[in-house]
Number of protein chains: 4
Amino acid sequence: MSDNPSASRSMTEVLRQTEKMTSKQIKILEAAIELIAEKGYSATSTSEIAKRAGVAEGTIFRHYRTKKDLLLSIVNPVIINFMAPVFAEKFVDQVFHESHTSFEDFLYLFIKNRFEFVQSNVPLIKIVIQELAFHPEIQAAFKKASLEKVFPAIDQTLNVYKEKNQLKNIPNDSIMRMIAPTVIGFLLTRFIIQPDKDWDDDAEIRRTVEYILHGVGK
Amino acid sequence: MSDNPSASRSMTEVLRQTEKMTSKQIKILEAAIELIAEKGYSATSTSEIAKRAGVAEGTIFRHYRTKKDLLLSIVNPVIINFMAPVFAEKFVDQVFHESHTSFEDFLYLFIKNRFEFVQSNVPLIKIVIQELAFHPEIQAAFKKASLEKVFPAIDQTLNVYKEKNQLKNIPNDSIMRMIAPTVIGFLLTRFIIQPDKDWDDDAEIRRTVEYILHGVGK
Amino acid sequence: MSDNPSASRSMTEVLRQTEKMTSKQIKILEAAIELIAEKGYSATSTSEIAKRAGVAEGTIFRHYRTKKDLLLSIVNPVIINFMAPVFAEKFVDQVFHESHTSFEDFLYLFIKNRFEFVQSNVPLIKIVIQELAFHPEIQAAFKKASLEKVFPAIDQTLNVYKEKNQLKNIPNDSIMRMIAPTVIGFLLTRFIIQPDKDWDDDAEIRRTVEYILHGVGK
Amino acid sequence: MSDNPSASRSMTEVLRQTEKMTSKQIKILEAAIELIAEKGYSATSTSEIAKRAGVAEGTIFRHYRTKKDLLLSIVNPVIINFMAPVFAEKFVDQVFHESHTSFEDFLYLFIKNRFEFVQSNVPLIKIVIQELAFHPEIQAAFKKASLEKVFPAIDQTLNVYKEKNQLKNIPNDSIMRMIAPTVIGFLLTRFIIQPDKDWDDDAEIRRTVEYILHGVGK
DNA sequence: CATGAATGAGAATTCATTCAT
DNA sequence: TATGAATGAATTCTCATTCAT
């Protein structure tokens, strides 16, 4: 849909942090992602990962000190990429400098952008959601990214549109608490709960924007 | 808040299906719920449950053939109670026979009712959410309850208010796809993500209703 | 040789601390002692111990939380029994109340007593000696037993014989530093270094006493 | 204390057998000695050794076919140097040709000489002592050195002093069995058991000689 | 000569489950 | 009904060793 690089980054791209990654290491990551997304971290054994990756079990532990290290090396980049770069660079430029953009346009672009990110990273997103509940490290990373990157950027954005008189005068955090579940709920339904349904994605995004702006009441 | 019995049922009440339950069995259930809610099913060992329940390991398997049986005996009643009885009895009567009730009132009552159920069953809800992803049995139970109980009832309800001209003319399943994340998102934020925040619950519910009806746009 | 109960206590008796010990637990201890004495703690695997004991590997960990726990449960009683009860009860009575006993007699009785203890506990002694170097816990137990039980008792004893003018006027700790290696060296040579030699034990003890008292010089 | 070259040889000197040793190889040896002395051979891993030596794991196996080879390449020279050269060259000359030397003088020189060797090689000595119990190869090397080098030399020496009427008429092997633990016990106490104590080394050696000659009795 | 990724056997430990009491 | 000792399969992780570079 969009060619925004931060959104369409492939899964391996999202995870590759160091330049040096042997082919085995990549296979380990891929196998781990598949299995953990499917069965959960606790229910996935390192021997299973090794088997699917086609490596010896010991090889996993040469690259990741512990099984948890492996999980975090998957989860942390996803959090950073899901939350941080949304508003980076061009995207923010668009919103702030193209003054003619309406909140409706902004919402549409925003959701579309995150839509594409989720679309290319379904298993990673699944893992983050599922393990968030159990690992304080992940919660902390999530919190940090939220507080430092997402909230300030959104806050600023909402203020812009409040000044333009395009938003009700509700506290920003209340607005976010309303919009967030709507957007996240849409993405979850689209990609995780009912991925096989025959969706008209663009229409669905527009409908979501409309709902956020005007609700379902007459 | 309300005295609707289906909402304020206590956790043990939700789970007690047969009349006969020894005190040990109750302790096992309580320990299992605490631990599984906290660490997840896979990461919780039967020996841990036994220790916290103050019973011998063998005792667990006297009451539940397998560890998974124990999980299902926790999860199934929750699903049935969360989804089914919402619209049962008096509640439905109210909606359908007290013709003066507006959709706004209905939404308010509905959310308040589910609010109270979640409030008295946080750990159970946590478990269902977390394990839903991994156990086909749970997914099936959830789907069944949704299709047989929830969707038809809501469908009927929405039609009533469409006829009363209180709702936009959007397909019912689209409406549900919008409302559901909003309500669920609100309850999750309230009880699981930020349970310790100082909430003004009634105001929050009203704000949610307002959002569902009219969005955040001006 | 002597019927002093503290000396002739059997190995299992030395280790049995709680009343309840299943036959499997005893077999585990026996197997562990044999193997650790032979190959050392680090080089002995729990699977080996289980195999020799004829139990499942898991059974070991039902009785001892960790492999190290197993080691300590072997080593600690040996230290306590080797060091503490030497001078207990009757033995001390003999030395202090039978005023006619010479230092020579005392030494003879003392060495004979420890001789018998070592004789009935060769593998246990081996283990303690070998592992002492690597485990701070064992070193601490050893130090504690030495400082609290052995040194004071010996100190008192030496003073008695100094008063009787049977000992040179050398500081007690110097005397101990001389005698200890002689006695320990004798026992080690006899039971561990050259156990298969055809020893005349009584003669050897007497020769040791003679050496301690008068050396090899003319 | 003395400048006898066999005694004061440095650790690396003791080990260097071939002329060619790369700096990496020396670092490997040093690391291995430190770690094995501290934790024992079994409990020390080659990866640990590699890390401390600052080399790759593979490098160890380029120089030593197996981990055991590495151990033996440490232990064997120590045995040879501890036992053999004592009586070599000048030292033996002194004893045998300087006829005026008393047994007391001989003992003093002997202990002082071994004292210095141990002093410069504490970790090596530790390793030999600890591993002697578990490795037949080491036991064999030890036995061989004892039987071929030490015993004959000492035997000869004792005979000399027996002829000089400076020794009691006890069988030589009994004499050795008495003296050995005394000397070894002294060195162990001095360097391994209580290395941090504030020792008056010369006084201690003289006291040991006196004890060997005349015991502690009056 | 040196590296370090890769291995697979084996280490300690945990686990769900069984069963005699 | 309840116990808890026993199991053996599985789990995470370590290790000595190999080998292509």
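Just so it is clear: chains get the letters A, B, ... in the order the sequence lines come, proteins before strands, and each one is counted from 1.
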Of Lys24(D) and Val55(A), whose closest DNA chain E nucleotide lies nearer the 5' terminus?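 It is Lys24(D) whose nearest nucleotide is closer to the 5' end.
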Want to settle it: does Ser23(A) or Thr44(B) sit nearer the 5' end of DNA chain E, counting the closest nucleotide to each?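 In this pair, the answer is Ser23(A).
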If I take atom [atom1] in residue [X] and atom [atom2] in nucleotide [N], what distance separates them, rounded to the nearest angstrom?
X: Ile60(C); N: dA12(E); atom1: CD1; atom2: P; value: 9 Å
X: Lys27(A); N: dT7(E); atom1: NZ; atom2: C1'; value: 15 Å
X: Lys51(C); N: dA11(E); atom1: NZ; atom2: C1'; value: 13 Å
X: Ile49(D); N: dT14(F); atom1: CD1; atom2: P; value: 17 Å
X: Leu70(D); N: dC15(F); atom1: CG; atom2: C1'; value: 15 Å
X: Ile36(D); N: dA16(F); atom1: CD1; atom2: C1'; value: 13 Å
X: Glu48(B); N: dA16(E); atom1: CD; atom2: C1'; value: 13 Å
X: Gln25(B); N: dT1(F); atom1: CD; atom2: P; value: 10 Å

Where DNA chain E forms stems, i.e. three or more consecutive Watson-Crick or G-U pairs with both distances under 3.5 Å: E:2-21 with F:2-21
If you apply the rule side chain to side chain contact (heavy atoms under 4.5 Å, CB included), what do you find for Tyr64(D) with Ile28(D), and how did you get there? CA-CA 10 Å; Tyr64(D) 305 93; Ile28(D) 289 170; 4.3 Å; yes
Need one value for Ser42(D): base, sugar-phosphate or nothing, where a base atom within 4.0 Å counts as base even if backbone is also close, heavy atoms only. nothing
Show every donor-acceptor pair shorter than 3.5 Å between a side-chain atom in residues 124-132 of chain B and any protein atom, with sequence neighbours excluded, or say none if there are none.
| from | atom 1 | to | atom 2 | distance (Å) |
| --- | --- | --- | --- | --- |
| Glu131(B) | OE1 | His135(B) | NE2 | 3.0 |
| Glu131(B) | OE2 | Tyr41(B) | N | 3.0 |

Are there any protein N/O atoms within less than 3.5 Å of an N/O atom in nucleotides 17-21 of chain E, and if so, which ones and at what distance?
| from | atom 1 | to | atom 2 | distance (Å) |
| --- | --- | --- | --- | --- |
| dT17(E) | OP2 | Lys67(B) | N | 2.7 |

Would you be so kind as to tabulate the donor-acceptor pairs closer than 3.5 Å made by side chains of residues 51-62 of chain A, with sequence neighbours excluded?
| from | atom 1 | to | atom 2 | distance (Å) |
| --- | --- | --- | --- | --- |
| Arg52(A) | NH1 | Glu34(A) | OE1 | 2.5 |
| Glu57(A) | OE2 | Thr46(A) | OG1 | 2.8 |
| Glu57(A) | OE2 | Ser47(A) | N | 3.3 |
| Thr59(A) | OG1 | Ala56(A) | O | 3.3 |

Please name all residues satisfying salt bridge (Lys or Arg N to Asp or Glu O under 4.0 Å) with [X], sequence neighbours left out, ordered by chain then number.
X: Lys144(A); value: none
X: Glu38(A); value: none
X: Asp69(B); value: none

Are OP1 or OP2 of dA2(E) and a side-chain N or O of His63(D) less than 4.0 angstrom apart?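 So the side chain of His63(D) is within the cut-off, an N or O lying under 4.0 Å from OP1 or OP2 of dA2(E).
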With a cut-off of less than 4.0 Å, is there a side-chain N or O of Ser45(B) near OP1 or OP2 of dC15(E)?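 Indeed, a polar side-chain atom of Ser45(B) lies that close.
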Check side-chain hydrogen bond (donor to acceptor under 3.5 Å, both in side chains) between His63(C) and all other residues, then give those that pass, not counting sequence neighbours.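 In terms of side-chain hydrogen bond (donor to acceptor under 3.5 Å, both in side chains), with neighbours along the sequence ignored, His63(C) is linked to Gln25(C).
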Check whether more than 12 heavy atoms from other residues, nucleotides or ligands sit under 6.0 Å from atom NZ of Lys39(B), and answer yes or no.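 Buried by this count: over 12 neighbours within 6.0 Å.
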List for me each residue that meets side chain to side chain contact (heavy atoms under 4.5 Å, CB included) alongside Lys143(D), sequence neighbours excluded, and say none if there are none.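 With sequence neighbours excluded, Lys143(D) shows a side chain to side chain contact (heavy atoms under 4.5 Å, CB included) to Leu147(D), given in chain and number order.
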Side chain of Thr22(C): nearest nucleotide among dA11(E), dT7(E), dA5(F)? dA5(F)
